[in-house]
Novice: 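First the structure, then my questions, so here it is.
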Amino acid sequence: MSGLLGRLGGFAFRRRRLVLTVWVAVLIALVGGAAVAGGKLNDRFTVPGTESQRALDTLSTTAPDAAGATAQLVFTAPAGRAITEPAYQPAIQRSLESAGAAPGAVGVSAPQQAGLVSADQRTAVGVVHFRGDPSQVDKDARTVVEGAADPAREAGLDVAVGGSIYRGGEMQPGMTEVLGLAVAVVVLFITFGSLLAAGMPLLSALIGIGTAVGGLLAASAVASVSSTAMTLALMLGLAVGIDYALFILSRHRAQLATGMSPAESAARANATAGGAVVFAGTTVIIALAALTVIGIPFLSVMGLAAAGAVLVAVAVATTLLPALAGFAGERLRPRIGSRAHTRATGAGADSMGARWARLVIRRPVVTVVTVVAALGLIAAPVVSLREALPNNGSAAESSGQRQAYDTIAEKFGQGFNGPLVMVVDAPNGGSDAATEAAAAVRTLPNVAFVAPPQPTRAAGQSVVVVVPATAPESQETSDLVHAIRDDVARAVPGADIAVTGDTAVTIDVSDRLAASLLPFIGIVVGLSLLLLVVVFRSIAVPVKATATFLLSVAAALGATVAVFQWGWGADFFGVSRTGPVVSFLPIILVGVLFGLAMDYQVFLVSGIREQWERTRNAADSVVEGTRHNARVVTAAATIMVVVFASFVPTDDAVVKPIAFALAVGVLVDAFVVRLTLVPAILALLGKRAWWLPGWLDRRLPKVSIEGAQDEDAQERRELVSA
């Protein structure tokens, strides 16, 4: 692998114009293809095969009004006035008629018809029914509905527009992402001491992420791609794109500082650091692709989209970056006497990394106990983790959908924001069975309202709308769904009863994700043990790496629960409403953080192992191995944390907690675990850290992440000329 990457780096350096032209052409072709294809993102969170989804699919044919998306127009009269006054009724009617003309609308329910006039007579809710799920309601339809509120507003009413046609938030890249990139440039400049060198990783990463995003937009014309998948790919592709280029460019400049020619160094850096990048990227790709085994379509798309972005980042780092190095040539060589030259040649004062390593291994037991206790404390909130998909109650407080949600909750009760749809199929006695089922539901706890059964187009089939007394994301509402499925089904034995609606679909998705988490962690843990045993020829190092990885995940989840569920620091992080954590966040966090943790594990511990093989001194190996790699890992982790953190201020209720969890996870894993806890554990274990049974050693394949380190100058020249 190292030889192939070396030849690839040498080719890219020599044929730099060709390589750059190819990448720019690919970028233009994908972005242009996406514009021509006209694809659109689909934010449908469903799990085929669940009871709620099967019932929803049936109703799409037999009762489109009950199965489709809805828009809500919430009319509120001024203080001291009643919404039922004759002066307001014509305006409300005109608004609803205009909204009913929106593309895809199949019907309108007036406030009196739906029974949605508040007890104080100040608020009324009109409902517009659409064909299909919310992902099939386009922006033009939402624009028409929002514009339809004008007649009511002109009559003096306050109108908020909400409903399931809106998501809980909307991703709007802005100044925070730009500031994140600016901070990344500053970190790169401090690391390299050169604006030219600092700009190269950023340029290559931007070309890579442009290519990945263009490809996803083009794919959205023929496949279902969610905006969350796109944002995850953007975050991860940008972060690893900068990091992978940083690792290779750091090796290139270090070799230039020792006197190596630019062409030779580019090939050698690609053969060594490039090999580590390929290994690290492969682990991230495998972990993200493993999301497909869970069998949830939208999660599979998220995993594959992010994996594709990482694959592009690896390709860019190992081809485009050497080409850019060819354009820069001698200008990347650190000046003699500069800090960059001093660090690269090992002259001068001891490095911060070495001093830190000596500090943490001076009393390794104290370090291990302190770090584990601190991370355990941060992880403690995870025991109260609750999961759900976000709704309009998680949107920004200034948004119309949030105002509509809050008004309905205040005037009618929280459950009216998430009604349940009970489908009763009884061919031999449909109306009687539906009446019995409705009566049985009224006896259950936590029920605010049960509407009379309504027949559908199918013989013997009726729908019964059930309004819980609690919010859609509450545990009590989830308990009610399961009670209807169990208790009511037993009370009406002659009927087939199913519960659906947006709230039931969300509950089923969350239940399936929760059940998939432990098996997925098992896959990731097993993969990490296998890979690390092969790479490090050790039993203790893989076990230690896996255990500390799980500690990082627990700490990131604990911090996320504390902020987004408990509300600690919610105002500081712009959390508009606390509640359950996004249901697929834990699985995404495990998949992404596993790959990133392996990055830092490989870059740090491979250096420590190399020193161990040379000196057989555990303490010195930790110090010297950390000396050479800590600075680059620190810079890479800082950039990644900044990139993820720059997405936290978004109003998107899905992206915000994922970005926060990833930022905390990388921060903890890189600085607390890999740079502090791991050196202390290795020093504590001593030579036992590198023990491997002889029989296993003979059977394992030989893998060298960065290639042979002792090639002579002639071999390196052959890499360049090959």
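Computed from a prediction, not measured in an experiment: that's the story for all the values here. Reckoned from all heavy atoms, side chains included, excluding hydrogens, waters and symmetry mates.
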Novice: Under the criterion side-chain contact (heavy atoms from CB on, under 4.5 Å), which of Val642, Val641, Val643 is the partner of Ile639?
Specialist: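 Of the listed residues Val642, Val641, Val643, the side-chain contact (heavy atoms from CB on, under 4.5 Å) partner of Ile639 is Val643.
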Novice: Using side-chain heavy atoms (C-beta onward) and a distance below 4.5 Å, is Leu320 in contact with Leu203?
Specialist: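 Of all side-chain heavy-atom pairs linking Leu203 with Leu320, none is under 4.5 Å.
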Novice: Sort out for me which residue in Thr282, Val316, Ile285 forms a side-chain contact (heavy atoms from CB on, under 4.5 Å) with Leu311.
Specialist: Ile285
Novice: Any side-chain to backbone donor/acceptor pair from Arg253 onto Arg333? Under 3.5 Å, distance only.
Specialist: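 Answer holds: no.
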Novice: Would you confirm whether Arg402, through its side chain, and Ala395, through its main-chain N or O, come within 3.5 Å as a donor-acceptor pair?
Specialist: yes
Novice: Between Phe298 and Phe584, is a ring pair (Phe, Tyr, Trp, His ring centres under 6.0 Å) present by the stated rule, with each step listed?
Specialist: CA-CA 10 Å; Phe298 74 82; Phe584 51 83; 5.5 Å; yes
Novice: Heavy atoms, side chains only, cut-off 4.5 Å: are Phe644 and Leu667 in contact?
Specialist: no
Novice: Closer than 3.5 angstrom, by distance alone: can the side chain of Thr318 be matched with the main-chain N or O of Val314 as a donor-acceptor pair?
Specialist: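 Between the backbone of Val314 and the side chain of Thr318 there is a qualifying donor-acceptor contact (under 3.5 Å).
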Novice: Might you work through the side chain to side chain donor-acceptor pair (under 3.5 Å) test for Ser265 and Gln255, ending with a clear yes or no?
Specialist: CA-CA 6 Å; Ser265 178; Gln255 292 167 169; 2.9 Å; yes
Novice: Taking Ser300's backbone N and O only, do any of them form a donor-acceptor pair with Thr292's side chain (distance below 3.5 Å, no angle check)?
Specialist: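 No, Thr292 side chain to Ser300 backbone: no donor-acceptor pair under 3.5 Å.
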Novice: Looking at Phe13, is Arg15 sitting on its ring face, NZ or CZ under 6.0 Å from the six-membered ring centre and within 45 degrees of the normal?
Specialist: no
Novice: Might you work through the side chain to side chain donor-acceptor pair (under 3.5 Å) test for Arg131 and Gln136, ending with a clear yes or no?
Specialist: CA-CA 8 Å; Arg131 183 183 298 106; Gln136 296 173 282; over 6 Å; no
Novice: Check whether any side-chain heavy atom of Arg512 sits under 4.5 Å from a side-chain heavy atom of Ile296, and report yes or no.
Specialist: yes
Novice: Quick check against the 3.5 Å criterion: does Asn270 have a side-chain atom that pairs as donor or acceptor with the backbone of Leu5?
Specialist: yes
Novice: Would you say Lys656's side chain and Phe564's backbone share a donor-acceptor pair under 3.5 angstrom?
Specialist: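 No; zero donor-acceptor contacts below 3.5 Å.
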Novice: Taking side chain as C-beta onward, heavy atoms only, is Val240 less than 4.5 Å from Leu596?
Specialist: yes
Novice: Looking at Asn392 and Ser164, would you say the former's side chain and the latter's main chain have a donor-acceptor pair under 3.5 Å?
Specialist: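 Flag not set: sc Asn392 to bb Ser164 has no pair under 3.5 Å.
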Novice: Checking the side chain of Thr650 only, and the main-chain atoms of Phe647 only, is there a donor and an acceptor separated by less than 3.5 Å?
Specialist: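 Looks like no, no N/O pair under 3.5 Å.
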Novice: Should Leu217 and Met230 count as side-chain neighbours, where that means a heavy-atom distance under 4.5 Å?
Specialist: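 Touching, per the 4.5 Å side-chain cut-off.
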Novice: Backbone N or O of Ala12 within a donor-acceptor pair of the Arg16 side chain at under 3.5 Å?
Specialist: no
Novice: Determine whether the side chains of Trp23 and Ser204 contain a donor N or O and an acceptor N or O closer than 3.5 Å.
Specialist: no
Novice: Is the side chain of Arg331 donor-acceptor paired with the backbone N or O of Phe327 at a distance under 3.5 Å, no angle test?
Specialist: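 Checking the backbone N and O of Phe327 against the side chain of Arg331, a donor-acceptor pair under 3.5 Å is found.
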Novice: Are the side chains of Leu4 and Arg7 in touch, meaning some heavy atoms are under 4.5 Å apart?
Specialist: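 Answer yes - side chains close enough.
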Novice: Check whether any side-chain heavy atom of Val310 sits under 4.5 Å from a side-chain heavy atom of Leu288, and report yes or no.
Specialist: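 They are in contact (side-chain heavy atoms under 4.5 Å apart), so the answer is yes.
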Novice: Starting from the C-alpha separation in whole Å, work towards a yes-or-no answer on side chain to side chain donor-acceptor pair (under 3.5 Å) for Arg577 and Ser394.
Specialist: CA-CA 5 Å; Arg577 185 168 180 259; Ser394 305; 4.7 Å; no
Novice: With no hydrogens and no angle check, just 3.5 Å: does a side-chain donor-acceptor pair link Asp508 and Gln53?
Specialist: no
Novice: Do His252 and Leu256 come within less than 4.5 Å of each other through their side chains, counting heavy atoms only?
Specialist: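 The answer is yes, as the side chains (C-beta and beyond) meet within the 4.5 Å cut-off.
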